[in-house]
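Count residues from 1 along the sequence. These values consider heavy atoms only, across backbone and side chains, with no hydrogens, waters or symmetry-generated copies.
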Amino acid sequence: MAAGTSNRVLIAFGASAAVIGGVVGGVIATGIDSPGGTHASASGRAQSSCSVSQVAQKVLPSVVTISAEGSGSAGTGSGEIIKSDGYILTNNHVIAPAAGSGGKLGVTFNDGKTAAAKLVGRDPLTDLAVIKVSESRLPAIPTGQSQSLTVGQPVVVLGAPLGLSSTVTSGIVSALDRTINVPGENSQTALLINAVQTDAAINPGNSGGSLVNCEGQFVGIPSAGASVPSASGESSGGSIGLGFAIPSDLALPYADEIISTGKVSHAYLGVDAAPVAADAAKVNGSAEGLAVSGVDPKGPAAKAGLKAGDVITGVDGQPAVSTDQLVELTIRMHPGEKIPVSFARAGAARQATLTLAAQP
């Protein structure tokens, strides 16, 4: 964890939290693994000409509140209509309680009408999911390009924090290109790559909602927020002006794939690795890197010549310091693409080219 982040925890703001007295609580994450966004800026409330009221009037009809019920857990979150025939995009952790057998999903629209929903598909790795209601002629949210966002640009967040439907907050883009770990399923984590950082208030229940620009165009999915822990180590649970959204340029293509196939197919490396330990560094002559504990004999890593006991020192032109780098490659890149890899074996430096495969 980088300096300056040890006094914060991350909260996945959605239905994976328990409902206590009708208020959705937060799930505490391990922290911000890679906070070094390439366009960091000091956060602060921006004075701008963005008409939040006009944005709200335009976008709120496309934003919904989602309820999820399952065996022993329930909660609420947010979502946005991405297709007029009933497809709604949200976070996986919002619908997770209802993903098992007998789970129920419900949607409340901006006008107060409700409808049952079914799960189309989900991807725990990127924390995305698509659900569908049996409705037609719904107001699909206008879409923009998250790659066009700039630091300091005004943005608006719409969703259902604390179960309060049709809530609107505003702020600025305070940084771009964050890599964030958030709570996942079965003690695993999801990885938000190229995440948009904003100081617009994001609270429990905002997950899956909409981050939009001043034109009312969808540019991100609010998915997590930082919180200052109390003296006991528990999260304070409220917004401190440090929230993170999955960029729309990543989310929407995955949503289309989920609608078409029911899932997301990621690229595959075929390697198990962990940050190098001191004793491994002595053996391999590498002060840092990722120690390879195993390789799939039929996978890309093995075909590139990597073996258990090697230490990966560089990946795709960058020093190898975190396993998140490997996960990010499986999210960002596609089968067939090639990745240069440097590694050490018994003190000797080696180079290889790894060709990504389809996830088996």
Side-chain angles (χ1 to χ4, degrees), residues 13-14 43 45-66 77-91 94 107-113 128 130-131 133 135-161 164-176 194-203 205-225 239 241 243-256 259:
F13 282 153
S43 175
R45 293 294 167 186
Q47 298 297 321
S48 72
S49 58
C50 186
S51 175
V52 177
S53 60
Q54 290 182 7
V55 170
Q57 187 176 29
K58 178 179 181 180
V59 179
L60 277 176
S62 303
V63 179
V64 303
T65 301
I66 298 172
S78 308
E80 48 278 324
I81 301 164
I82 56 173
K83 293 183 181 294
S84 61
D85 54 351
Y87 288 98
I88 295 169
L89 178 61
T90 186
N91 283 130
V94 167
V107 169
T108 301
F109 297 98
N110 182 59
D111 61 5
K113 293 181 180 179
L128 294 171
V130 176
I131 64 175
V133 295
E135 303 282 344
S136 60
R137 295 182 145 183
L138 294 174
I141 193 167
T143 58
Q145 292 185 324
S146 55
Q147 65 181 3
S148 67
L149 291 172
T150 59
V151 173
Q153 177 178 339
V155 285
V156 178
V157 170
L158 306 97
L164 301 172
S165 297
S166 305
T167 295
V168 179
T169 59
S170 65
I172 62 168
V173 173
S174 54
L176 294 168
N194 302 129
V196 180
Q197 180 180 305
T198 179
D199 69 348
I202 297 176
N203 286 291
N206 269 124
S207 275
S210 300
L211 178 78
V212 302
N213 58 25
C214 287
E215 288 70 48
Q217 298 170 327
F218 174 64
V219 291
I221 303 176
S223 302
S239 172
F244 304 94
I246 301 172
S248 62
D249 291 350
L250 174 71
L252 290 173
Y254 278 153
D256 288 338
I259 291 170

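- Counted by atom type alone, Ser210 and Glu80 present one or more donor-acceptor pairs between their side chains at under 3.5 Å.
- In this structure, the side chain of Lys58 engages the main chain of Glu215 through a donor-acceptor pair within 3.5 Å.
- Here the closest heavy-atom approach between residue Asn206 and residue Ala201 is recorded as OD1-O, 3.9 Å.
- In this structure, a donor-acceptor pair under 3.5 Å is absent between the side chains of Thr65 and Thr108.
- Proximity of Val212 to Ile141: side-chain heavy atoms (C-beta onward) are separated by under 4.5 Å at one or more points.
- Residues Val52 and Ser170 share a closest heavy-atom pair of CG2-CB, 3.7 Å.
- Each of Ile202, Val157, Asn203 was compared with Thr169 under the side-chain contact (heavy atoms from CB on, under 4.5 Å) criterion, and only Val157 meets it.
- A distance-only check finds a donor-acceptor pair linking the side chain of Ser207 to the backbone of Ser223 [under 3.5 Å].
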For side-chain hydrogen bond (donor to acceptor under 3.5 Å, both in side chains), just list the numbers for Ser146 and Asp249, CA-CA rounded to whole Å, side-chain angles, deciding distance to a tenth of an Å, and then say yes or no.
CA-CA 6 Å; Ser146 55; Asp249 291 350; 3.1 Å; yes

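- In this structure, the side chains of Val168 and Gln57 stay at 4.5 Å or more apart for every pair of heavy atoms.
- The closest side-chain donor-acceptor pair between Asp199 and Ser174, if any, does not fall under 3.5 angstrom.
- In this structure, the side chains of Ile66 and Ile131 come closer than 4.5 Å at one or more pairs of heavy atoms.
- Taking CG of Leu250 as the reference point, atom CG of Leu128 lies at 6.5 Å (rounded to 0.5 Å).
- Side-chain atoms of Asp85 and Leu138, non-hydrogen and from C-beta on, never get closer than 4.5 Å to each other.
- One distance of note links CG of Leu89 with NZ of Lys83; it measures 11.0 Å at 0.5 Å rounding.
- Taking 4.5 Å as the limit, some side-chain heavy atom of Val219 sits within range of a side-chain heavy atom of Leu149.
- With hydrogens and angles ignored, the 3.5 Å screen pairs no side-chain donor or acceptor of Asn91 with any backbone N or O of Val94.
- In this structure, Val155 and Ile172 have side chains that are not in contact, with every pair of non-hydrogen atoms separated by 4.5 Å or more.
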Test side-chain contact (heavy atoms from CB on, under 4.5 Å) applied to Thr167 and Leu158, step by step:
CA-CA 6 Å; Thr167 295; Leu158 306 97; over 6 Å; no

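- Across all their heavy atoms, Val133 and Phe109 have their closest contact at CG2-CZ, 4.1 Å.
- With sequence neighbours left out, the side-chain hydrogen bond (donor to acceptor under 3.5 Å, both in side chains) criterion links Ser78 to no other residue.
- Looking at every heavy atom in both residues, Pro247 comes nearest to Ala195 through CD-CA, 4.1 Å.
- Distance alone, capped at 3.5 Å, places no donor-acceptor pair between the Gln54 side chain and the Ser51 backbone.
- Closest non-hydrogen pair, Pro222 versus Gly209, comes out as CD-O, 3.1 Å.
- Contact record, Ser248 with Gly144: OG-O, 3.6 Å, taken as the closest heavy-atom pair.
- The side-chain heavy atoms of Phe218 and Asn213, taken from C-beta on, include no pair separated by under 4.5 Å.
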Thr150 vs Val173, test: side-chain contact (heavy atoms from CB on, under 4.5 Å). Steps then yes/no.
CA-CA 7 Å; Thr150 59; Val173 173; over 6 Å; no

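- Annotation: the span from Ile259 atom CD1 to Tyr254 atom OH amounts to 15.0 Å, rounded to 0.5 Å.
- Distance CD/Glu135 to CD1/Ile88: 9.0 Å, rounded to 0.5 Å.
- Counting heavy atoms from C-beta on, the side chains of Ile81 and Pro139 come closer than 4.5 Å.
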